[in-house]
Amino acid sequence: MLNGLNVEGTTPLHRMSVRMKLAILLVCGLALYTVSSLFILIPAFAIAALVYFTTGLAFREAVSRLKPILFTILILLIATAYFTSLREAAESFFRLMAIVLFAGAVTATTATGDFIDEITRLLQPLDRLGLVRAADVGLAFGLVLRFVPDIFNHYQSIREAHRARGLKVRPLTILSPLIILTLKDADTIAMAIDARGFRRPREKHH
């Protein structure tokens, strides 16, 4: 059952704490950026794919989530191949895809509310120093996760509407209505946040 971007399940990743998952993701990301060997990057990509596709997501849903970022990575891949070499492009591709798949697995196995709570807890020391508002950062992170599927659904709806009317699907014709719908969603959520008083004045620490 889907709830936002996460899917319920009983895999080891589902049972792992949010803090542990974020720590592993951070370590894996840093480790992959220190490696330039395809003999390591390709197996890392294969392991990440295995983890991602066994989170409980339906295959079609799992693939559809990768399409937007995959398009960006392919553009980077072409640019890297043109300006440097095919080998460096391949290294970048497997490195980035491994990180994306690991991050996707973490997102798919963690409820948005758990993300918000954990980030808020981790930022409490900085909040006490007056450097950040931990609750606001956690809420902002949660809203980003919440908006991702909505924006993608809006894009799919607009694209299907264009096709139904016999119109050619072009980025510029899709971008304007997509931005308008996203801003309307943002405005609605902002009003809901203000109405519920989630944002409170910072308490002065003595």
Separation of Leu96 CG from Thr80 OG1 (nearest 0.5 Å): 8.5 Å
If you compare all heavy atoms of Ala48 against all heavy atoms of Ala98, which two are closest, and at what distance to 0.1 Å? CB-O, 3.5 Å
Apply the hydrophobic cluster definition, ILVMFWY joined by side-chain contacts under 4.5 Å directly or through others, and give me every member besides Phe83. Tyr82
Shortest non-hydrogen contact from Ala108 to Thr55? CB-OG1, 4.0 Å
Linking Ile, Leu, Val, Met, Phe, Trp and Tyr through side-chain heavy atoms less than 4.5 Å apart, which residues share a cluster with Val27? none
From Leu57, Leu13, Val7, residue fulfilling side chain to side chain contact (heavy atoms under 4.5 Å, CB included) relative to Thr109: Leu13
In Å and rounded to the nearest 0.5 Å, what is the CG to CG distance from Leu122 to Asp117? 11.0 Å
Residue pair Leu26 / Leu22, side-chain heavy-atom distance below 4.5 Å: no
Heavy-atom pair of closest approach, residues Tyr52 and Ala62: OH-O, 2.8 Å
With a 4.5 Å cut-off on side-chain heavy-atom distances among I, L, V, M, F, W and Y, is there a chain of contacts connecting Met97 to Ile78? no
Between Leu70 and Leu50, is there shared hydrophobic-cluster membership here, with clusters defined by ILVMFWY side-chain heavy atoms closer than 4.5 Å? no
Mind checking whether Ile73 and Tyr33 sit in one hydrophobic cluster, side chains of I, L, V, M, F, W, Y counted as touching below 4.5 Å? yes
Provide the closest heavy-atom pair for Val51 versus Ala105 in the form atom of the first, atom of the second, distance. CG1-CB, 3.7 Å
Can you tell me how far the CG atom of Leu123 sits from the CZ atom of Arg121, to the nearest 0.5 Å? 11.5 Å
Side-chain heavy atoms nearer than 4.5 Å, only ILVMFWY residues, links allowed to pass through others: does that put Ile42 and Leu77 together? yes
Looking at CG of Leu66 and CD1 of Ile69, how far apart are the two atoms once the value is rounded to the nearest 0.5 Å? 9.5 Å
Interatomic distance, Thr110 atom OG1 to His14 atom NE2 [nearest 0.5 angstrom]: 8.0 Å
Tell me whether Ile47 is reachable from Met16 by hopping between hydrophobic residues (I, L, V, M, F, W, Y) whose side-chain heavy atoms are closer than 4.5 Å. yes
Ala81 and Leu86: which non-hydrogen atoms are nearest, and at how many Å? CB-CD2, 3.8 Å
Write out all pairs satisfying salt bridge (charged side-chain N to carboxylate O under 4.0 Å, His left out) with one or both partners inside residues 11-33, taking only residues at least two apart or from two chains. Arg19-Glu118
Interatomic distance, CD@Glu91 vs CG@Leu32, rounded to 0.5 Å, equals 12.0 Å
Show, in sequence, the C-alpha distance, side-chain angles and deciding distance for Phe59 and Phe53, and conclude whether the ring-ring contact (aromatic ring centres under 6.0 Å, His included) test is met. CA-CA 7 Å; Phe59 181 78; Phe53 285 104; 5.6 Å; yes
Taking all non-hydrogen atoms of both residues into account, name the closest pair between Thr107 and Phe115 and its distance. CA-CE1, 4.1 Å
Short question: side chain of Arg95, backbone of Val35 - any donor-acceptor pair under 3.5 Å? yes
Hey, can you tell me if Phe45 and Phe94 have their rings parallel, tilted or perpendicular (30° and 60° cut-offs)? perpendicular
